[in-house]
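Notes to accompany the following structure.
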Amino acid sequence: MIEFSNYDILRNLLFATQWTILLSLAAFIGGSSVALTLTALRLTRNKVVHSLIRGYVELFQGTPLLMQMFLCFFGLSMLGYEISAWGAAILSLTFFTSAFLVEIWRGCIDTLPKGQWEASRCLGMSFLQILRYIILPQAIRVAVAPTVGFSVQVIKGTALASVIGFVELTKVGTMLNNATFEPFKVFTLVAIIYFLLCYPLSLYSKVLEKKFNGSR
Amino acid sequence: MLHFADLLQYSDVFFSGLLTTVELTVLTTILGIAVGTSCASIRQYGNKTSQRVVSIYVELIRNTPFIVQLFFIFFGLPALGVRLSPWEASMIALTINLGAYSTEIIRAGLASISKGQIEAAKVLGLTFRQTLTRVIFIPAFEKIYPALVSQCIIVMLGSAVISQISVEDLTYAANLVQSRNFRAFESYLVTAALYLGLSILLRFAFNSIGKRLFVYREAP
Amino acid sequence: MKRLAKFLGKTLIIAAGLSALNATADVLQDIKKRDLIRIAVPQDFPPFGSIGTDLKPQGIDVDMANYIAKEMGVDIEIVPVTSANRIPYLQTKKVDLVISSLGKNPEREKAIDFSTPYAPFFLGVFGSKDESVSSIEELAGKTVGVTRGSVEDLELEKYAPKSVNVRRFEDNNTTLTAYLSGQVNLIATGNLVATEIATRQPKRAPESKFMLKDSPCYIGMAEGETALQAEVNRLIQKALANGDLNKISMKWLKAPLPKGFGV
């Protein structure tokens with residue numbers, strides 16, 4: 001009979017944590033790249049582009065992340081694309097992350113007074129110049145805090161990848177739970193590890209928020 | 001190849017799943033906002049100790065995944081002698097979750113009501129109850145209403161996870177049908193569409209409630 | 001709206017074409033070409049497949065998978081799956097074979113193909129001592145935990161009285177945890193799984209209440225892969241004849257294969 005010592009449990013959980021971190025990073029990078037592109041497209045003020053982005057956001061904010069993962073994992077293969085659990089997890093988390101980030105960033109740009117655009121245009125600045133020197137520096141300052149705050153949601157979202165069989169922290173938690181039959185111990189440890197990953201980010205986001213709000 | 005017709009015979013499974021999801025959503029929205037309102041009031045007006053307790057609760061929930069909270073409540077708590085049915089465990093987990101998030105949101109609303117307003121209400125001779133509802137809560141809720149609505153929808157979508165502990169919700173229906181006729185893609189696609197419809201409907205319902213709730217401004 | 005419908009229709013036709021294209025490929029040739037066979041095994045179903053302290057699966061199904069790969073002379077990729085998703089894995093070509101204590105039933109036969117059996121298995125209802133049940137009728141009004149999409153799930157659905165409260169869980173992990181944490185007092189599962197729980201957790205050792213079905217394990221593969229099916233059947237027969245299959249049985253079940261098994 002296999003015996004799991006506390007050390008074995010912790011060792012395996014910490015090992016799995018690496019995958020949670022890696023998946024979070026990949027999703028965050030993927031999500032923010034897509035969101036950045038969409039935010040840039042939004043600035044063109046083209047009506048069709050706007051409604052397409054609106055639809056994208058509605059679709060991915062309006063359906064459960066779990067469903068998106070199932071669809072990416074089993075659906076895409078049905079349509080003839082091979083995809084691994086890892087690929088499906090990254091893909092669906094990228095959709096999820098970008099749909100929320102594009103909304104958050106839109107809010108940040110919209111908080112800047114419209115007058116700034118007009119004033120800069122009057123000064124003879126081009127669209128890109130306005131963006132580069134006037135809008136972005138301010139928008140980024142406003143955006144950092146909620147973006148860091150949202151990264152916590154991404155980390156927590158990766159837990160759902162366990163359901164499509166990607167072996168990360170939650171999955172290893174359920175596997176260990178089955179091997180040890182000690183759900184209380186295992187899930188407490190899993191929760192503590194997630195907390196240690198997320199809390200510093202939450203805290204940092206709050207500090208940033210105070211800092212930028214204070215200086216305004 | 002897609003065979004949506006294969007799903008038709010399971011329409012009652014989908015329907016009862018949809019009902020369970022709606023039922024749990026309505027219940028946990030009410031309970032969760034109640035928990036959030038109480039905790040936010042404590043955070044804003046309570047003493048130091050109770051403020052600390054509330055912020056520990058909020059941070060613990062906000063910084064761990066819902067699925068882990070759910071597993072903990074359903075599988076972990078029996079070790080302490082607390083045994084809940086899947087439905088009860090889900091309802092509690094969802095309420096605790098929405099409670100923590102809405103605490104933060106509602107507190108921001110309460111913080112936006114300045115002391116001066118409350119003093120002004122006192123000077124004008126408003127009763128305690130009038131002050132509480134008309135000067136503090138309704139204006140505070142109006143400010144944060146959109147954020148609160150979004151959070152409720154996020155919790156509704158998050159409830160897909162409760163299928164993992166055998167609650168027969170919409171996602172459970174999708175998985176059950178998928179395990180019976182092996183039409184995974186069609187089943188998930190239909191379910192995703194149902195969730196999308198549900199979140200649009202929920203937003204619509206909230207907005208019409210909001211219009212009723214915040215009419216006082218239009219009064220002459 | 002009309003244009004959208006047309007566009008969607010077109011996408012579906014293209015998609016259908018793509019998947020049809022996929023279906024005509026010969027999996028056995030693919031395996032030989034990439035010199036790798038991908039096999040789905042359970043990781044939450046002792047003694048068929050469970051994890052060791054290094055989180056790697058081990059058990060009858062894993063040994064069987066390794067045997068098939070070795071005999072075919074190709075590398076192996078072990079893919080851990082759950083009961084609920086093992087058939088979609090096969091249908092979506094994420095794996096070539098499913099060796100995951102898979103039982104046969106008409107619903108599944110419509111979706112995938114099976115080899116000859118490689119291990120014996122009996123399904124039954126098991127539970128704690130204080131539950132007195134001795135037949136499927138006596139389940140009326142009681143709560144039974146089961147893994148969604150498993151043969152025992154389908155058996156219960158077909159034969160159990162309507163008043164039985166069947167709680168279906170995503171995977172065997174969760175079903176077992178539900179039993180061990182006391183969330184359900186009865187579970188429908190395999191005899192070997194129940195024995196395994198008893199050795200691990202004597203305090204909650206499940207008693208055998210009654211048998212549901214004799215349901216030996218088969219290897220599953222995508223529909224219409226006749227070449228692959230023939231090859232797998234040949235390897236099973238070979239292992240049966242030279243005693244390899246019996247060795248696996250002795251190692252994990254501590255008992256020889258029943259007389260006349262697989263003949």
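Naming: A, B, ... by sequence-line order, numbering from 1 per chain. Keep in mind it's a predicted model, so treat the numbers as computed, not measured.
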Interatomic distance, Ser150(B) atom OG to Gln61(A) atom CD [nearest 0.5 angstrom]: 7.5 Å

Any idea which heavy atoms bring [X] and [Y] closest together, and the distance?
X         : Y         : result
Phe184(A) : Ala79(B)  : CB-CB, 3.9 Å
Lys156(A) : Arg62(B)  : NZ-O, 2.8 Å
Tyr101(B) : Gln153(A) : OH-NE2, 3.4 Å
Glu58(A)  : Leu196(B) : O-CD1, 3.5 Å
Glu59(B)  : Phe195(A) : O-CE1, 3.4 Å
Leu66(A)  : Ala160(B) : CD2-O, 3.7 Å

Applying the side chain to side chain contact (heavy atoms under 4.5 Å, CB included) criterion to Asn63(B), which one of Leu197(A), Val152(A), Leu203(A) satisfies it? Val152(A)

Measure up the Phe187(A) and Phe71(B) rings against each other and bin them: parallel (under 30°), tilted (30 to 60°), perpendicular (over 60°). tilted

Checking heavy atoms, do the side chain of Ile155(A), its backbone, both or neither come under 4.5 Å from chain B? neither

Against chain A, work out which of [options] has the most heavy-atom pairs shorter than 4.5 Å and name it.
options                                   : result
Leu202(B), Ile153(B), Ile200(B), Leu60(B) : Leu60(B)
Ala174(B), Ala192(B), Ala184(B)           : Ala192(B)
Gln164(B), Arg203(B), Met156(B), Gln69(B) : Gln164(B)

Taking every heavy-atom pair that is under 4.5 Å apart, which of Leu201(A), Thr188(A), Thr174(A), Val186(A) has the most such pairs with chain B? Thr188(A)

Should [X] and [Y] count as side-chain neighbours, where that means a heavy-atom distance under 4.5 Å?
X         : Y         : value
Phe100(A) : Ile154(B) : yes
Ile67(B)  : Val163(A) : yes
Leu65(A)  : Leu157(B) : no

For atom CZ of Phe15(A), is the number of surrounding heavy atoms from other residues, nucleotides or ligands below 6.0 Å larger than 12? no

Walk me through it: do Phe70(A) and Thr191(B) pass the test side-chain contact (heavy atoms from CB on, under 4.5 Å)? CA-CA 11 Å; Phe70(A) 280 140; Thr191(B) 309; over 6 Å; no

Using non-hydrogen atoms and a 4.5 Å limit, figure out which bit of Ile61(B) sits close to chain A: side chain, backbone, both or neither. backbone

